[in-house]
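Encoded as structure tokens, the structure appears first; notes follow it.
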Amino acid sequence: MKVVVVGTGYVGLTTGVALAYLGNQVTCLDIDLEKIAKLKNSQVPIYEPGLPELLEISKENLHFTTSYDEAGIGTCEVVFIAVGTPSLADGNADLTYVKAAAEAIGARLDHAFTVVVNKSTVPIGSGNWVGALLREAYVRSKGSQPDEKYAVASNPEFLRQGSALLDTLYPERVVIGSEEARAIDTLTNLYRPILNQDFPAPAHLPRPEGLSAIPVVTCDLASAELIKYAANSFLALKISYMNEIAHLAEKVGADITQIARGIGLDARIGPRFLQAGIGWGGSCFGKDTAALVAISKEYGIGMPIVQAAREVNYHQRTWVVDTLLQELKILKGKTVALLGFAFKANTDDLRDAPALDIAKQLIQRGARVRATDPVALENARRLYPDLGVIYCDQPLETLRNADAVVLVTEWPEYRDLDWAEVIKIIENPLILDGRNFLNREHLEKSGYRYVGVGR
Ligand code: UGA
């Protein structure tokens, strides 16, 4: 099929490259000139494992442009809107970019039938709103009604940064919402190779063993939109629940990692997203839980569970600082080394990263903060040059003379550090393992005071 993807962030670019790999003719459009210039040179502007390789393999089917006129919207069967929907101050999603994209697309619809797909996470009701924007833009540009030229669909994305391509090629489900059967049919056809799992897997992204047909959920627009918010919020509250239990575990002398195993083996609960730690960050959970709370207010109902999950989550960041204060007694003049800066491993994304709040609070209390990360430092230096954090390329540089070490991001290389040697260069052997990720036994044997979360 001929496909246009508007927005080349994690979602748009991954979707575009994956669909091109599956044999579709894909044009990725972004208003960011720098991003498109890089992509035209086969450079991927974000860190996402496997993406540069898949882009290279699929490049014959991929086109990049900053121009709506050049994107070929008038001749394509599917247009994805995958632009950013950042949080506004009141928690609602900022739909400025969605509106601009819908208007630009509407003015150019010309194919017999085009499905315009909301892939961005958008508030409930946005599908209808986008439909109205498309119609108005069409009428303004062509002077006639679009009749049956287009239909709107919602096709929420469930990919995780760091494993975005695996999640796209081998998803656990595909959700397609629309009021029009034709739109659902078109998207089902587009996703057919994924649904049937009958495409040849890229060598560097092998198909999980035993994976066969993928379930597809077809529903109305509002349900698809709410599925996305409900899924992200549920995952977020699963984590917050474990963080809440972790505080009790610590008090009663229990170990949250054993509790996670003990409850996760119950299939009704499931083992995933039960890791206690410094809480969730990233571009999605914070934004989507805030939006869900804001949407519920519009309808005069509260979302106390989701709200509580948010409070528990953001408290985890303060908990790190409080724990360091308790351990070190005085933070002024002390040096804290942060291992990892991104919100999780395998990404260079710093949006809502716990490290930012932890660093800010420590600096406010007079501590010196040094931080390292295998891939996120370039972003940290560019986006947060004035945070007061000393960014170090090498972990050992970060750790030298530290009074406390905080494991912020679960990069395997931090677990594999030669900790018996590290102890010789640090000032005080205190480790706060913010992800319960390091080898506690080994660290304690090597002479460290180990503090985990809820253990
Ligand atoms: C999340 C969802 O998992 C995706 O399904 C969804 O598509 C995406 O948001 C989105 O809406 O775009 P992502 O934010 O990339 O994906 O990352 P996750 O792997 O879900 O991790 C989110 C945060 O939770 C990270 O900070 C991670 O460290 C933390 N986490 C995760 C925990 O603290 N404990 C866990 O057990 C799992």
Side-chain angles (χ1 to χ4, degrees), residues 7 9-15 46-49 82-87 93 118-122 155-168 170-175 225 227-246 256-257 259-261 263-264 269-292 309-310 312-317 319-320 340-358 373 376 407-411 433-437 452-454:
Y10 288 92
V11 171
L13 192 56
T14 305
T15 305
I46 48 175
Y47 178 86
E48 184 57 46
V83 296
T85 51
S87 280
N118 263 338
K119 193 95 181 150
S120 305
T121 304
V122 286
N155 169 222
E157 186 48 67
F158 303 107
L159 61 83
R160 291 159 299 168
Q161 286 173 224
S163 54
L165 284 167
L166 292 173
D167 292 345
T168 303
Y170 314 118
E172 289 180 343
R173 81 295 207 188
V174 170
V175 174
E225 289 165 348
I227 283 171
K228 170 69 191 192
Y229 281 111
N232 267 3
S233 297
F234 190 77
L235 293 170
L237 66 91
K238 236 180 143 179
I239 300 167
S240 282
Y241 176 75
M242 291 312 279
N243 283 330
E244 189 167 272
I245 297 286
I256 193 70
T257 60
I259 295 165
R261 188 166 148 68
I263 67 170
I269 296 173
R272 296 163 75 188
F273 279 69
L274 295 183
Q275 284 156 34
I278 55 176
W280 36 266
S283 66
C284 305
F285 287 175
K287 171 170 76 77
D288 294 350
T289 50
L292 201 52
R310 289 177 54 76
V312 168
N313 187 64
Y314 291 105
H315 169 74
Q316 291 305 101
R317 303 175 182 189
W319 172 85
V320 170
F341 213 63
F343 79 97
K344 65 174 196 173
N346 284 319
T347 183
D348 60 356
D349 198 336
L350 295 175
R351 284 176 287 179
D352 199 13
L356 294 170
D357 280 340
I358 294 169
D373 191 288
L407 187 280
V408 174
T409 316
E410 66 284 23
W411 284 99
D433 182 357
R435 300 287 181 183
N436 290 339
F437 174 72
V453 181

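All ligand and atom numbering here is 1-based and tracks the order in the structure.
Residue contact check for ligand 1: Gly282 places no non-hydrogen atom closer than 4.0 Å to it. Within the structure, ligand 1 lacks Thr121 among the residues with a heavy atom less than 4.0 angstrom away. Under a 4.0 Å heavy-atom criterion, Lys228 is in contact with ligand 1. Under a 4.0 angstrom heavy-atom cut-off, Gly281 registers as being in contact with ligand 1. Using 4.0 Å as the threshold, Arg435 has a heavy atom nearer than that to some atom of ligand 1.
Distance check, rounded to the nearest 0.5 Å: CG of Asn346 to CH2 of Trp411 gives 5.0 Å. Separation of atoms CG (Asp288) and OG1 (Thr85) is listed at 7.0 Å; rounding is to 0.5 Å. Going from atom NZ of Lys119 over to atom CG of Asn155 covers 3.5 Å, rounded to the nearest 0.5 Å. Put simply, CZ on Phe158 and CG on Asp167 are 11.0 Å apart, with the number rounded to the nearest 0.5 Å.
Nearest protein neighbour of atom 21 (O) of ligand 1, counting heavy atoms only, is Lys344 CD, 3.9 Å. Given atom 5 (O) of ligand 1, the protein heavy atom at minimum distance is Phe158 O, 2.8 Å. Closest to atom 30 (N) of ligand 1 among all protein heavy atoms lies Ile239 CD1, 3.4 Å. Nearest protein neighbour of atom 34 (N) of ligand 1, counting heavy atoms only, is Gln275 O, 3.0 Å. For atom 14 (O) of ligand 1, the closest heavy atom belonging to the protein is Phe343 CE1, 3.7 Å. Summary of contacts: the protein heavy atom closest to atom 37 (C) of ligand 1 is Phe273 CD2, 3.5 Å. Atom 24 (O) of ligand 1 has its closest protein heavy atom at Trp280 CB, 3.2 Å.
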- Walk me through it: do Gln275 and Glu410 pass the test side chain to side chain contact (heavy atoms under 4.5 Å, CB included)? CA-CA 11 Å; Gln275 284 156 34; Glu410 66 284 23; 5.5 Å; no

Quiz item: Going through the distances and angles, do Asn232 and Thr289 end up as a side chain to side chain contact (heavy atoms under 4.5 Å, CB included)?
Solution: CA-CA 8 Å; Asn232 267 3; Thr289 50; over 6 Å; no

Practice task
Go through the steps for Val453 and Gln316 under the test side chain to side chain contact (heavy atoms under 4.5 Å, CB included), then give the verdict.
Solution key: CA-CA 9 Å; Val453 181; Gln316 291 305 101; 4.1 Å; yes

Could you go through Glu157 and Tyr10, starting from their C-alpha distance and side-chain angles, then the distance that decides it, and tell me whether this counts as side chain to side chain contact (heavy atoms under 4.5 Å, CB included)?
CA-CA 10 Å; Glu157 186 48 67; Tyr10 288 92; over 6 Å; no

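Proximity of the aromatic rings of Tyr314 and Trp280 is defined here by a centroid distance below 6.0 angstrom, and this criterion is met.
For the pair Gln161 and ligand 1, the shortest N or O to N or O distance falls below 3.5 Å. Checked against a 3.5 angstrom limit, the closest N/O atoms of Arg160 and ligand 1 fall outside it. Checking only distances, Leu274 does come within under 3.5 Å of ligand 1, N or O to N or O. For ligand 1, none of its N or O atoms has an N or O atom of Cys284 under 3.5 Å away. No N or O atom of Val11 sits closer than 3.5 Å to an N or O atom of ligand 1.
Here the side chains of Arg435 and Ile278 are in contact, with some heavy-atom distance below 4.5 Å.
When non-hydrogen atoms are compared, ligand 1 lies under 4.0 Å from the backbone of Leu159 (N, CA, C, O) but not from its side chain. Here Phe285 has side-chain heavy atoms under 4.0 Å from ligand 1, and that is the only part of it that gets that close.
Not one N or O on the side chain of Ser240 forms a donor-acceptor pair closer than 3.5 Å with the backbone of Val312.
Here the rule is side chain to side chain contact (heavy atoms under 4.5 Å, CB included) with Leu274, and of Thr257, Ile269, Ile239, Ile245 only Ile269 fits it.
Atoms of ligand 1 found under 4.0 Å from any heavy atom of Glu157, numbered from 1 in the order shown, are 7 (O).
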